[in-house]
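For reference, the structure discussed in these notes is given below.
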Amino acid sequence: MGKDSRLILDPLTDNNPITIQVLGICSALAITAELEASIVMSISVLFVMGVGNVVISLMRNIIPSKIRIIAQLIVVATLVIIVDLVLKAFAYELSKTLSVFVGLIITNCIIMGRFEAFALGNGPWRSFLDGIGNALGYGIILVIVGFFRELLGSGTLLGIQVLGDPIEKTGLYSIGYENNGFMLLSPMALIVVGIIIWIQRTRNKDLIED
Amino acid sequence: MEHLELFFKSIFIDNMVFATFLGMCSYLAVSKKVSTAVGLGAAVIFVLAITVPLNWLLDQYILQPGALSWLGEEYASYDLSFLSFIMFIATIATMVQLVEIVVEKFSPSLYNSLGIFLPLIAVNCAILGGSLFMQSREIASLGLALNYGIGSGIGWFLAILAIAAIREKIRYSAVPPALRGLGITFIITGLMAIGFMSFGGMLTGGDDGAEKEDKAATIKVIKEDLKDDAKAKADLELADNTNK
């Protein structure tokens, strides 16, 4: 049991897919200007990884290794189509915000990376845990980045104004605070992730590259 | 002119790495040396130039709502656009394999420099992203699709070349230990992206035109809303005046 729980806990910290394994960066950066989009993206990836890892793990003995990449892509693409259609049906506005990045879950390196590295060599239950763990590790970074970008960039969280009203000058704005619109622009996502990596590696010296 | 505009737009303004973060994984993983970065960049240009026009044809004649009308009247109402992810990725994966086989057969020297990167490319978000953006931006013709593919490929090539050159030099600098490697690369890329944002002003002439069109459209909508309302006549004149 201890070994199984490590599968979920490791990717959250010391083996994080984004900051340590450097997988799945594209979508992590592009859609984090709002917290809500980050959360929905994390849930989508959680679904695709959990189910995809189990499916690949069940099929691992019947896929010829030469065509395994195409087989994996088809499995992911099918799952992503499901996610895309569900989003379009129940959260249309949000699916417009995420635009092509839902489709890009297919080529999200975390998914292919975990298929290759884990699901092809392990049973369904362990693969499921590994998928969930890595998707959570991915999600946690997305939520942190989304939280700071939305809070500092537009003074809101999940669309609710938490720092007061910038036009009426209430709350923090009454003492001269201004939103930093720069946080909403794409380059700041890179810098925020850079800072997260900095903090993480300062706390855990073993992770430092030479 | 349209071609030239799209070409520069896809290289600089909508640069794949700096504006939309496509292909970041291989961008970060393979940018330690300039020579390998050049190899991967060239392969990306090559594959984008093939897959974007191919997927454009697929989108235009099979996937779009009503695209099957060339088969006959009864097919005109079909909408297969929900299949686009799976079709695009299948096309990309097969094309990459095909290109690999062809290149290996006819040009072993090119295969030696490009070959090892080709399998990597099938799962590079830049390639699928190119096709998906081509679809969502509604590129109008096959020529423009080819243009867009090559342009965004060159943009990606420039980005990886620049970061690889910087990373080779930064080895001699005193970077804080915890930032070494990945961290500093992220921050440099962010700074480069800020630099690239200034290219956004390059085509502002076109953007202003688009904004005017938007305004005209909203005024039109307002007009239609108020058409039957007698009281609104004055407002209508006001709207006309602002339009002029």
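Because the structure is a prediction, the values reported are computed rather than measured. The sequence lines fix the lettering, A, B, ..., with proteins before strands; numbering per chain opens at 1.
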Crowded around Phe148(A) CZ? As in, over 12 foreign heavy atoms under 6.0 Å? no
What distance separates Leu104(A) CG from Phe21(B) CZ, expressed to the nearest 0.5 Å? 13.0 Å
Which atoms of Met197(B) approach chain A - backbone, side chain, both or neither, heavy atom under 4.5 Å: side chain
For Ile81(A) and Phe82(B) the tightest heavy-atom approach is CD1-O, 3.5 Å
Kindly indicate, with the supporting measurements, whether the criterion side-chain contact (heavy atoms from CB on, under 4.5 Å) is fulfilled by Val192(A) and Phe186(B). CA-CA 9 Å; Val192(A) 172; Phe186(B) 264 101; over 6 Å; no
Tabulate, in ascending numerical order, the residues of residues 48-59 of chain A having at least one heavy atom closer than 4.5 Å to a heavy atom of chain B, or enter 'none'. none
Hey, could you give me the CZ/CG distance between Phe85(B) and Leu79(A), rounded to the nearest 0.5 Å? 12.5 Å
Those residues of residues 83-92 of chain A, ordered by number, that approach chain B below 4.5 Å (heavy atom to heavy atom): Asp84(A), Leu85(A)
Which members of residues 130-142 of chain B, sorted by number, sit under 4.5 angstrom from chain A on a heavy-atom basis? Leu132(B), Phe133(B), Ser136(B)
Between Gly194(A) and Ile187(B), the two heavy atoms sitting closest are CA-CG1, 4.1 Å
For Pro187(A) against Gly190(B), the heavy-atom pair lying closest together: CB-O, 3.4 Å
Looking at every heavy atom in both Ser186(A) and Phe18(B), which two are closest together, and how far apart are they? OG-O, 3.9 Å
Euclidean distance, Leu128(B) CG relative to Ile105(A) CD1, rounded to 0.5 Å: 11.5 Å
Please enumerate all residues that pass side chain to side chain donor-acceptor pair (under 3.5 Å) together with Thr20(B), with sequence neighbours excluded. none
Residue, of Met24(B), Arg171(B), Met192(B), that accumulates the most heavy atom pairs under 4.5 Å with chain A: Met24(B)
Side chain, backbone, both or neither: which part of Ala126(B) has a non-hydrogen atom closer than 4.5 Å to chain A? neither
Do you know the tightest heavy-atom contact between Ile89(B) and Ala77(A)? CG2-CB, 4.0 Å
What closest approach, in Å, do Ile74(A) and Ala90(B) show between heavy atoms, and which atom pair accounts for it? CD1-CB, 4.4 Å
Let me know if Leu185(A) has heavy atoms under 4.5 Å from chain B in its side chain, its backbone, both or neither. side chain
Please state whether the side chain, the backbone, both or neither of Ile86(B) comes within less than 4.5 Å of a heavy atom of chain A. both
